[in-house]
Amino acid sequence: MKTFPTEFAELLTPKGRRILEGKDSEACGALLRPGQRFVALGGVLDARKAVACRELLEKALRDTLTQMEDAIPPESIWGMTENYAELLPKTVRVRTALLESRRSRSWKAAEAVGLVAMMRSESFAAFASSVSGRALRRKWGIQALCYGPGDYTGPHNDHHPEDAEAFDGYVDMHLTFATPAVAHQWLVYAKGGHFSEMRSVNTVGGITVYRLPFWHYTTPLMAKPGAEEDARRWVLLGTFLDAPREYRRGTAIEPPPSVARPG
């Protein structure tokens, strides 16, 4: 595979197509269920195509990424004036390609291999809509991340109370492509008020879909012994805002008719 397919649907297995078409009762509308903010899906991307996607990302984007790093501020400890009153802002270390600027090296490289077109394709958003069970706005954000050894994202909730279009919740979808040199990396998330749930994100072609906001974090990526130079986990990320409560037909990405909508 020399380029990404024009439509995301071309990467899907029969199981993945059933989800896209609203014919999988377990995955479709999963994020409409009370208390369910996250779902991890396996076996939905063709295994060989997923490996080919990873190789394309390695070849096209690896040299265009920029470092994103927000460390723990010293004042989170030494600025305290009261016992057990510590506050931790979002911390992160990862490399990123913000695929929103046509002038960036990352965008040009992603465009050349068809990545931008695939992540902007109708079926990419339609898959997110089918799993979330919600109608989504047609303009969505796209991004590529690359975790290396020790890279992580600290506890955060992705709440945007000042954004009128996002404060009531929105949908993220992540496609993961890890190299064989990765030993492990985990997503830890809250359930019932505790960080009690954990799923491996060390996959090739795994898809995770989130109904944000909720508390979660990504553990540091650990490489297999002696393989640190080759250990990377690529994440292709789409961020989808809910469509307005009232919208004209054709102006939103709608879930299949078989998927129940929130009332």
Side-chain angles (χ1 to χ4, degrees), residues 8 19 26-41 44 68 70 87-94 96-100 119-120 124-145 147 151-176 185-201 203 206-219 233-245 247 252-255 259-263:
F8 170 69
I19 296 172
E26 183 177 354
C28 295
L31 298 186
L32 294 178
R33 297 171 193 145
Q36 185 158 357
R37 313 290 289 185
F38 166 81
V39 62
L41 304 170
V44 294
M68 179 169 65
D70 290 307
L87 295 173
L88 178 67
K90 180 178 178 179
T91 60
V92 63
R93 188 176 65 197
V94 67
T96 182
L98 296 172
L99 303 178
E100 303 290 344
M119 295 184 72
R120 294 288 186 202
F124 184 74
F127 192 93
S129 179
S130 184
V131 175
S132 71
R134 290 172 167 84
L136 306 174
R137 293 177 186 264
R138 284 196 167 273
K139 292 186 68 175
W140 59 89
I142 60 173
Q143 187 177 1
L145 302 173
Y147 288 87
D151 288 349
Y152 74 102
T153 304
H156 62 289
N157 57 35
D158 283 321
H159 187 31
H160 298 284
E162 297 178 350
D163 189 334
E165 296 180 337
F167 82 96
D168 199 31
Y170 58 99
V171 174
D172 263 10
M173 183 169 75
H174 297 188
L175 280 58
T176 284
Q185 191 170 38
W186 301 86
L187 179 80
V188 182
Y189 59 100
K191 187 174 182 180
H194 294 278
F195 281 120
S196 59
E197 305 297 309
M198 185 167 68
R199 292 294 298 262
S200 173
V201 289
T203 62
I207 298 180
T208 49
V209 190
Y210 305 70
R211 179 64 185 177
L212 298 163
F214 74 107
W215 282 100
H216 59 289
Y217 65 91
T218 305
T219 65
R233 183 175 75 92
W234 292 89
V235 181
L236 301 181
L237 186 157
T239 298
F240 306 88
L241 296 173
D242 292 353
R245 291 187 178 275
Y247 59 88
I253 304 292
E254 296 181 297
V259 179
R261 275 67 157 196

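Given the structure is predicted, the values throughout are model-derived calculations rather than measurements.
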Handout entry: Check against side-chain contact (heavy atoms from CB on, under 4.5 Å), Y210 and H174
Key = CA-CA 9 Å; Y210 305 70; H174 297 188; 3.6 Å; yes
Problem - Heavy-atom pair of closest approach, residues D168 and R211 - result: O-NH2, 3.7 Å
Problem - Flag, side chain of S129 to backbone of A125, donor-acceptor distance under 3.5 Å - result: no
Problem - R37 side chain near P213 side chain, heavy-atom distance below 4.5 Å - result: yes
Practice task
Hey, could you give me the CD1/CZ distance between I253 and F127, rounded to the nearest 0.5 Å?
Solution key: 14.5 Å
Practice task
Measure from the side-chain N and O atoms of R137 to the backbone N and O of D242, and report whether any donor-acceptor pair falls under 3.5 Å.
Solution key: yes
Exercise for the section: Can you label the angle between the F240 ring and the F124 ring as parallel, tilted or perpendicular, going by 30° and 60°? Expected result: tilted
Handout entry: For the student: nearest non-hydrogen atoms of A135 and Y247, plus distance
Key = CB-OH, 3.4 Å
Exercise for the section: Check R134 against L31 and note the closest heavy-atom contact, atom names and distance. Expected result: NH1-O, 3.4 Å
Practice task
Apply side-chain contact (heavy atoms from CB on, under 4.5 Å) to D158 and K90, showing your working.
Solution key: CA-CA 9 Å; D158 283 321; K90 180 178 178 179; 4.0 Å; yes
Handout entry: Nearest-0.5 Å distance that lies between atom CZ in R93 and atom CE in M68
Key = 12.0 Å
Exercise for the section: Indicate the atoms forming the closest heavy-atom contact of P255 with V259, along with that distance. Expected result: CB-CB, 4.2 Å
Exercise for the section: Start with the C-alpha distance between R199 and F38, add both sets of side-chain angles, then the distance that settles side-chain contact (heavy atoms from CB on, under 4.5 Å), and finish with yes or no. Expected result: CA-CA 10 Å; R199 292 294 298 262; F38 166 81; 3.8 Å; yes
Exercise for the section: Working to the nearest 0.5 Å, report the span between CZ of F8 and CE of M173. Expected result: 5.0 Å
Problem - Between CG on residue D151 and CG on residue L145, distance to nearest 0.5 Å - result: 10.0 Å
Exercise for the section: Kindly indicate whether the side chain of H216, heavy atoms from C-beta on, has any atom under 4.5 Å from the side chain of T153. Expected result: no
Exercise for the section: Please work out whether the ring planes of F195 and W215 are parallel, tilted or perpendicular, with thresholds of 30° and 60°. Expected result: perpendicular
Exercise for the section: Could you tell me whether the side chains of T176 and R233 share a donor-acceptor contact shorter than 3.5 Å? Expected result: yes
Fill in the blank from the handout: CD of E165 to NZ of K139, rounded to nearest 0.5 Å, is 10.0 Å
Problem - Contact check, side chains of L187 and T208, non-hydrogen atoms, under 4.5 Å - result: no
Practice task
Of all the heavy-atom pairs spanning M119 and W140, show the shortest one and how long it is.
Solution key: O-NE1, 2.8 Å
Handout entry: side-chain contact (heavy atoms from CB on, under 4.5 Å) assessment of Q143 paired with V235
Key = CA-CA 8 Å; Q143 187 177 1; V235 181; over 6 Å; no
Handout entry: Crowding at CZ, R138 (>12 non-hydrogen neighbours, <6.0 Å)
Key = yes
Exercise for the section: Any chance you could measure D172, atom CG, to S132, atom OG, to the nearest 0.5 Å? Expected result: 11.0 Å
Exercise for the section: May I ask you to decide whether E100 forms a salt bridge with R120, counting only side-chain N to carboxylate O separations under 4.0 Å? Expected result: yes
Exercise for the section: Evaluate the ring planes of H160 and Y170, with Trp represented by its six-membered ring, and classify them as parallel (under 30°), tilted (30 to 60°) or perpendicular (over 60°). Expected result: tilted
